[in-house]
Amino acid sequence: MLDMTGKVAIVTGAGSVGPGWGNGKAAATLLARQGAKVFLVDVVAEAAEETRGIIAAEGGTAAVHKTDMLDSAQVAAMARACVAQFGRIDVLVNNVGGSAPGDAVSMAEEVWDRQIDFNLKTVFLGCKHVIPVMERQGKGAIVNISSVAGLRNDGHGGRTHVGYSASKAAVIQFSRSTAGAFVAKGIRVNTVVPGLMHTPLVESRLAKTVAGGDATALIASRNARCPMGHMGTGWDVANAVLFLASDEAGYITGTEIVVDGGLILASP
Ligand SMILES: NC(=O)c1ccc[n+]([C@@H]2O[C@H](COP(=O)([O-])OP(=O)(O)OC[C@H]3O[C@@H](n4cnc5c(N)ncnc54)[C@H](O)[C@@H]3O)[C@@H](O)[C@H]2O)c1
């Protein structure tokens, strides 16, 4: 089950912004545990290098490629480098993204532009440069990472991040559109929609931008908002990514798996 032996997977944002397990780091490690050769893409080479060290220590195979997923030429070079190193690309996990606070009035125009690029253009560029390789192979699986912010009123959490919500909603529809365009070529495109996850960005970034530096209070309030009483983890996201990337999901395309512990159920 879920055997990835012989497959090559690119994971973007394969490091994490702090100690612990981000979604990308966990997905990359799980894909490697299942036998995939993993191409670890990150704008911070040291972050991806840490993930590579973990995979190597477990006996897996991975390589690091420093890439800014916002730069088309770098993304094209990344796809070429993966083929040069591992011979093919079976799986692409587009994981780069993140939120900035603000509503339609308070958000600076540059922040809006950056949010759309960070969350949506990175996914577009990954697909743009990897799909031609998958087309030549006649097969491929793409998993894009969205957020419940793209499906429900983000104000439930006490703050609005309109650029994040808009771009993560767009990731879902981008994935459906791309799935339709390439379904006859053997390429599947699906989306994982995480809820509130306890990844390093909670302590590293959100505690500063949302909670005035009080990570403990932020963690408690995020746990309290989850119907199961606790946030999910990068591994919960990774398990869904692995399934959608695997041959067991071979008849699944153009859809989403929501990994939110019932969050949308409780506050749509
Ligand atoms: N943690 C949550 O609660 C949560 C919830 C919903 C969705 N998500 C989504 O999960 C994804 C990321 O999760 P994570 O925990 O792995 O993230 P993370 O913030 O730990 O970042 C992962 C890596 O991305 C790299 N990165 C940043 N910008 C990049 C760029 N331009 N090019 C290449 N690499 C870049 C960083 O250097 C970092 O190592 C995002 O799309 C995020 O929106 C997270």
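Counting starts at 1 for both ligands and their atoms, following the listed order. Hydrogens, waters and symmetry mates play no part in the numbers below; they use all other heavy atoms, side chains included.
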Who's the nearest protein heavy-atom neighbour of [atom], and how far?
{"atom": "atom 5 (C) of ligand 1", "value": "Gly195 O, 3.0 Å"}
{"atom": "atom 34 (N) of ligand 1", "value": "Val43 N, 3.1 Å"}
{"atom": "atom 17 (O) of ligand 1", "value": "Leu201 CD2, 4.2 Å"}
{"atom": "atom 10 (O) of ligand 1", "value": "Asn23 ND2, 2.9 Å"}
{"atom": "atom 25 (C) of ligand 1", "value": "Asp42 OD1, 3.2 Å"}
{"atom": "atom 18 (P) of ligand 1", "value": "Val17 CG1, 3.8 Å"}
{"atom": "atom 24 (O) of ligand 1", "value": "Gly13 CA, 3.2 Å"}
{"atom": "atom 31 (N) of ligand 1", "value": "Asp68 OD1, 2.9 Å"}

Look at ligand 1 and say whether [X] reaches it with a heavy atom at a distance under 4.0 Å.
{"X": "Arg222", "result": "yes"}
{"X": "Pro200", "result": "no"}
{"X": "Tyr164", "result": "yes"}

(request) Look at the side chain of Gln34 and the backbone N and O of Leu2, then say whether any donor-acceptor pair between them is shorter than 3.5 Å. (result) yes
Evaluate [X] for polar contact with ligand 1, using N/O atom pairs at a separation under 3.5 Å.
{"X": "Gly22", "value": "no"}
{"X": "Thr122", "value": "no"}
{"X": "Leu196", "value": "no"}
{"X": "Met69", "value": "yes"}
{"X": "Asn95", "value": "yes"}
{"X": "Phe118", "value": "no"}
{"X": "Val41", "value": "no"}

Would a hydrophobic clustering, with Ile, Leu, Val, Met, Phe, Trp and Tyr connected at side-chain separations under 4.5 Å, put [X] with [Y]?
{"X": "Phe174", "Y": "Val143", "answer": "no"}
{"X": "Val148", "Y": "Tyr164", "answer": "no"}
{"X": "Ile252", "Y": "Phe182", "answer": "no"}
{"X": "Val192", "Y": "Val38", "answer": "yes"}
{"X": "Leu40", "Y": "Met78", "answer": "no"}

(message) Please evaluate residues Asp154 and Arg159 with respect to the criterion salt bridge (Lys or Arg N to Asp or Glu O under 4.0 Å), reporting the C-alpha separation (whole Å), side-chain torsions for both, the decisive distance (0.1 Å), and the verdict.
(response) CA-CA 7 Å; Asp154 59 2; Arg159 78 167 190 156; over 6 Å; no
Under 4.0 Å from a heavy atom of [X]: give me the atoms of ligand 1 that qualify, with their elements.
{"X": "Val44", "result": "37 (O)"}
{"X": "Thr67", "result": "32 (N), 33 (C)"}
{"X": "Ser16", "result": "20 (O), 39 (O)"}
{"X": "Val96", "result": "28 (N), 29 (C), 30 (C), 33 (C), 34 (N), 35 (C), 41 (O)"}
{"X": "Ala47", "result": "39 (O)"}
{"X": "Gly24", "result": "16 (O)"}
{"X": "Ser147", "result": "6 (C), 7 (C)"}

Proximity of [X] to ligand 1 by residue part, where a heavy atom lies under 4.0 Å:
{"X": "Ser146", "result": "backbone"}
{"X": "Met231", "result": "neither"}
{"X": "Pro194", "result": "both"}

Can I get a per-line list of side-chain donor-acceptor pairs under 3.5 Å for residues 15-27, giving both atom names and the distance, sequence neighbours left out?
| unit_1 | atom_1 | unit_2 | atom_2 | d |
| --- | --- | --- | --- | --- |
| Ser16 | OG | Gly18 | O | 2.8 |
| Lys25 | NZ | Gly20 | O | 2.7 |
| Lys25 | NZ | Glu50 | OE2 | 3.1 |

(message) Between Asp42 and Lys66, is there a side-chain heavy-atom distance shorter than 4.5 Å?
(response)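 Of all side-chain heavy-atom pairs linking Asp42 with Lys66, none is under 4.5 Å.
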(message) What I want to check is whether the side chains of His198 and Glu203 have a donor and an acceptor closer together than 3.5 Å.
(response)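 Side-chain D/A pair, His198 to Glu203: present.
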(request) List the steps, then state whether side-chain hydrogen bond (donor to acceptor under 3.5 Å, both in side chains) holds for Ser167 with Asn119. (result) CA-CA 6 Å; Ser167 51; Asn119 292 302; 3.3 Å; yes
(request) Would you please test Glu256 and Ser146 for side-chain contact (heavy atoms from CB on, under 4.5 Å) and show each step? (result) CA-CA 9 Å; Glu256 302 82 46; Ser146 177; over 6 Å; no
(request) Quick one: do Asp247 and Arg188 satisfy salt bridge (Lys or Arg N to Asp or Glu O under 4.0 Å)? Show the steps, please. (result) CA-CA 10 Å; Asp247 286 342; Arg188 299 184 297 104; 5.5 Å; no
(request) Applying salt bridge (charged side-chain N to carboxylate O under 4.0 Å, His left out), name anything that partners Asp71, two or more places apart in sequence or on another chain. (result)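 Not a single residue meets the salt bridge (charged side-chain N to carboxylate O under 4.0 Å, His left out) criterion with Asp71.
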(message) Let me confirm one number: the CD1-OG1 distance from Ile55 to Thr29, rounded to the nearest 0.5 Å.
(response) 4.5 Å
(message) Run Ser267 and Arg225 through side-chain contact (heavy atoms from CB on, under 4.5 Å) and show every step you take.
(response) CA-CA 9 Å; Ser267 48; Arg225 269 182 270 148; over 6 Å; no
